[in-house]
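Order of appearance sets the numbers: ligands from 1, and atoms from 1 within every ligand.
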Amino acid sequence: MARVVITGGAGFLGSHLGDALLERGDQVVAMDNLVTGETRNIEHNFGKDGFEFVNADVSNYMWVPGEVDVVMHFASPASPIDYLEMPIQTLKVGSLGTHNALGLAKAKGAKFFMASTSEVYGDPMVHPQTEDYWGNVNPVGPRGCYDEAKRFSEAMTMAYHTHHGLDTRIVRIFNTYGPRMRPNDGRVVSNFIVQALNGQDLTIYGDGSQTRSFTYVADEIRGFLALLDSDINTPVNIGNTNEFTISELAELVTEMVDTGSLVTYHDLPVDDPMQRKPDITKAREHLGWEPTVQLREGLEHTIGYFRELLSEDAQ
Ligand code: UDP
């Protein structure tokens, strides 16, 4: 049993991670400043033994009294519309926040787990993306604040590993979807589902030929735990390898929700990656991990979640 601090513990991934850790008997300290995290993601844990919530901005000095065995750094705006709106907070949480979280882990003699991203590959020239690909990132473009903050986080994590001997993990997370995404999150899966449920047309950016590989949240969390429990200090891709064009995703969502939505076409955001798909050989071989939930099944759960959320919000 471990006591685990999760920064971003009220966010989409941080809250699911907290649930999975509690489920296996660990204790969780969820830290969040609720900029993009939401208390509704964690309120089912309020009052439970082994769960604490701390409202704090990890870009400021952070401290947790008592024993800490693991620090998992998940705090960051993670949707393009969020980091476009909050570029400086995004850079701060990925630099100062990562430094503070590493400092806490070092002071406590804890393991450190860094939530990195497929965005470190930028608009990739290598397909599918292997962990040894260095990426193609525009540092001064609109996505640079997120991509470079995460690249810095990886560099800082490795420096603490090599220089201080900290026991570290780095996961590169590919597009993940599922319950607890925010309806106004701006990402393609939540946008399309909410638009379809509201009978609105789906907004395709560009011509819809760009690709993503979508991972259901339960698979992603299982991958995090497998990596946490391993001894791999170098980055590991965790993502589904089934690649879809954005047009294919729109077709699937309109078929599954079936409210007669059509699609409309809009400008492609600047530096929007044209293709993305993980090579997961490393996770398969070293963690014995692979995704099991395919897109249609994952979308069913996610559509169910949004259907309920929208009807609650309407009341
Ligand atoms: N996208 C889209 N319509 C939307 C939202 C996103 O066509 O309403 C596109 C976006 O341009 C990108 C892809 O879907 O090519 C995935 O976008 P998302 O913001 O979900 O994630 P990311 O770009 O970070 O992979």
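The protein heavy-atom contact nearest to atom 13 (C) of ligand 1 is Ile246 CD1, 3.6 Å. What sits closest to atom 9 (C) of ligand 1 on the protein, heavy atoms only, is Gln210 NE2, 3.9 Å. Here the protein heavy atom with the shortest distance to atom 21 (O) of ligand 1 is Asn175 ND2, 3.4 Å. Closest to atom 20 (O) of ligand 1, if we only count protein heavy atoms, is Val188 N, 2.8 Å. Remark: minimum distance from atom 15 (O) of ligand 1 to any protein heavy atom is reached at Asp272 OD1, 2.6 Å.
The environment of Met256 atom CE is dense: over 12 non-hydrogen atoms of other residues, nucleotides or ligands sit within 6.0 angstrom. Other residues, nucleotides and ligands contribute over 12 non-hydrogen atoms within 6.0 Å of the NZ atom of Lys282. Within a 6.0 Å radius of NE2 in His163, other residues, nucleotides and ligands contribute 12 heavy atoms or fewer. The number of heavy-atom neighbours closer than 6.0 Å to CD of Glu312, taken from other residues, nucleotides and ligands shown, is above 12. Summarising the local packing, CD of Gln294 is surrounded by more than 12 heavy atoms from other residues, nucleotides or ligands at distances under 6.0 Å. For Asp267, the CG atom counts as loosely surrounded, since its 6.0 Å shell holds 12 or fewer non-hydrogen atoms of other residues, nucleotides or ligands.
Taking distance alone, with nitrogen or oxygen atoms compared against 3.5 Å, Arg187 stays at or beyond that limit from ligand 1. Taking any N or O of Pro273, backbone or side chain, none lies under 3.5 Å from an N or O belonging to ligand 1. In terms of N/O distances under 3.5 Å, ligand 1 is not approached by Tyr83.
For the ring pair (Phe, Tyr, Trp, His ring centres under 6.0 Å) with His301, the qualifying choice from Tyr216, Phe306, Tyr177 is Tyr216, the only one to do so. Of the listed residues (Gln275, Arg276, Arg172, Arg151), just one forms a side-chain contact (heavy atoms from CB on, under 4.5 Å) with Tyr121, and that residue is Arg172.
The distance from ligand 1 to the heavy atoms of Pro80 drops below 4.0 Å at these ligand atoms: 19 (O), 24 (O). For ligand 1, the atoms sitting less than 4.0 Å from at least one non-hydrogen atom of Gly186 are 5 (C), numbered in the order shown with element in parentheses. Short contacts between ligand 1 and Arg276, defined as distances under 4.0 Å to a heavy atom of the residue, involve ligand atoms 22 (P), 25 (O). Atom numbering of ligand 1 starts at 1 in the shown order; those under 4.0 Å from a heavy atom of Ile204 are 7 (O). Those atoms of ligand 1 that come under 4.0 Å of a heavy atom in Asn191, given as number and element, are 4 (C), 5 (C), 8 (O). Distances below 4.0 Å separate heavy atoms of Thr203 from the following atoms of ligand 1: 2 (C), 3 (N), 4 (C), 7 (O), 8 (O).
Salt-bridge annotation for Arg212 and Asp272: present, with a side-chain N of the basic residue lying under 4.0 Å from a carboxylate O of the acidic one. Ionic pairing of Arg24 and Asp229 is present here: one or more N-O contacts between side-chain nitrogen and carboxylate oxygen are shorter than 4.0 angstrom.
The shortest heavy-atom distance from Ala250 to ligand 1 is not under 4.0 Å. In this structure, Ser79 has no heavy atom closer than 4.0 Å to ligand 1. A heavy-atom separation below 4.0 Å is not found between His266 and ligand 1. No heavy atom of Gln195 sits closer than 4.0 Å to any atom of ligand 1.
Contacts between Val189 and ligand 1 below 4.0 angstrom, taking non-hydrogen atoms only, are absent altogether. For Arg143, every heavy-atom contact with ligand 1 shorter than 4.0 Å involves the side chain, none the backbone.
His44 and Asp19 form a side-chain donor-acceptor contact under 3.5 Å, judged by distance and modelled atom types alone.
Expressed to the nearest 0.5 Å, how far CE of Met31 lies from CZ of Phe53 amounts to 10.0 Å.
Aromatic rings from Phe74 and Phe12 are positioned such that their centres are separated by 6.0 Å or more.
The nearest non-hydrogen atom to atom 2 (C) of ligand 1, considering only Tyr205, Tyr146, Tyr177, comes from Tyr205.
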